[in-house]
Amino acid sequence: MKVKEIRDMTTEELQMSLYDLKKELFNLRFQHATNQLDNPMQIGDVKKTIARTLTVLREREIKGTD
């Protein structure tokens, strides 16, 4: 997901997206541990998207807006 797409989401949508991304990361790690993951680069992509989402949430928290 691009930063522009993340910034366009509401705070509730970001929190739901963050929950889904963390579940996806868990599943990817599990698949990687059992040698069922086709593309290990997906793990890095999901981690970066989580970091972007957390950054936008923190910016909004500091700014004080929803």
Donor-acceptor pairs under 3.5 angstrom involving side-chain atoms of residues 33-43: please list them, not counting sequence neighbours.
from, atom 1, to, atom 2, distance (Å)
Thr34, OG1, Phe30, O, 3.1
Thr34, OG1, Gln31, O, 3.2
Asn39, OD1, Met41, N, 3.1

Roughly how far, to the nearest 0.5 Å, is [atom2] of [Y] from [atom1] of [X]?
{"X": "Thr49", "Y": "Glu24", "atom1": "OG1", "atom2": "CD", "result": "8.5 Å"}
{"X": "Glu61", "Y": "Thr11", "atom1": "CD", "atom2": "OG1", "result": "10.5 Å"}
{"X": "Thr55", "Y": "Ile50", "atom1": "OG1", "atom2": "CD1", "result": "11.5 Å"}
{"X": "Leu14", "Y": "Leu57", "atom1": "CG", "atom2": "CG", "result": "5.0 Å"}
{"X": "Lys2", "Y": "Ile6", "atom1": "NZ", "atom2": "CD1", "result": "10.5 Å"}

Check: Would you say the side-chain atoms of Gln15 pair up with the backbone N or O of Glu12, donor to acceptor, closer than 3.5 Å?
Finding: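 Side chain of Gln15 to backbone of Glu12: no pair is present.
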Next item on the list: Say whether Leu54 and Leu28 are linked into one hydrophobic cluster, either directly or through other cluster members, by side-chain heavy-atom distances under 4.5 angstrom.
Entry: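 Cluster IDs for Leu54 and Leu28 match.
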Next item on the list: Using side-chain contact (heavy atoms from CB on, under 4.5 Å) as the criterion, list what pairs up with Ser17, not counting sequence neighbours.
Entry: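 Ser17 satisfies side-chain contact (heavy atoms from CB on, under 4.5 Å) with Met1, Met9, Leu21 only.
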Next item on the list: For Lys23, enumerate each residue passing the salt bridge (charged side-chain N to carboxylate O under 4.0 Å, His left out) test, keeping only those at least two apart in sequence or located in another chain.
Entry: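 None.
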Notebook entry, point to check: Listed by chain and number, what are the salt bridge (charged side-chain N to carboxylate O under 4.0 Å, His left out) partners of Asp20, not counting sequence neighbours?
Noted result: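 By the salt bridge (charged side-chain N to carboxylate O under 4.0 Å, His left out) rule, Asp20 matches no residue at all.
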Item checked: Set of side chain to side chain donor-acceptor pair (under 3.5 Å) partners for Arg7, sequence neighbours left out ->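 Partners of Arg7 by the side chain to side chain donor-acceptor pair (under 3.5 Å) criterion, ordered by chain and then number, come out as Glu59.
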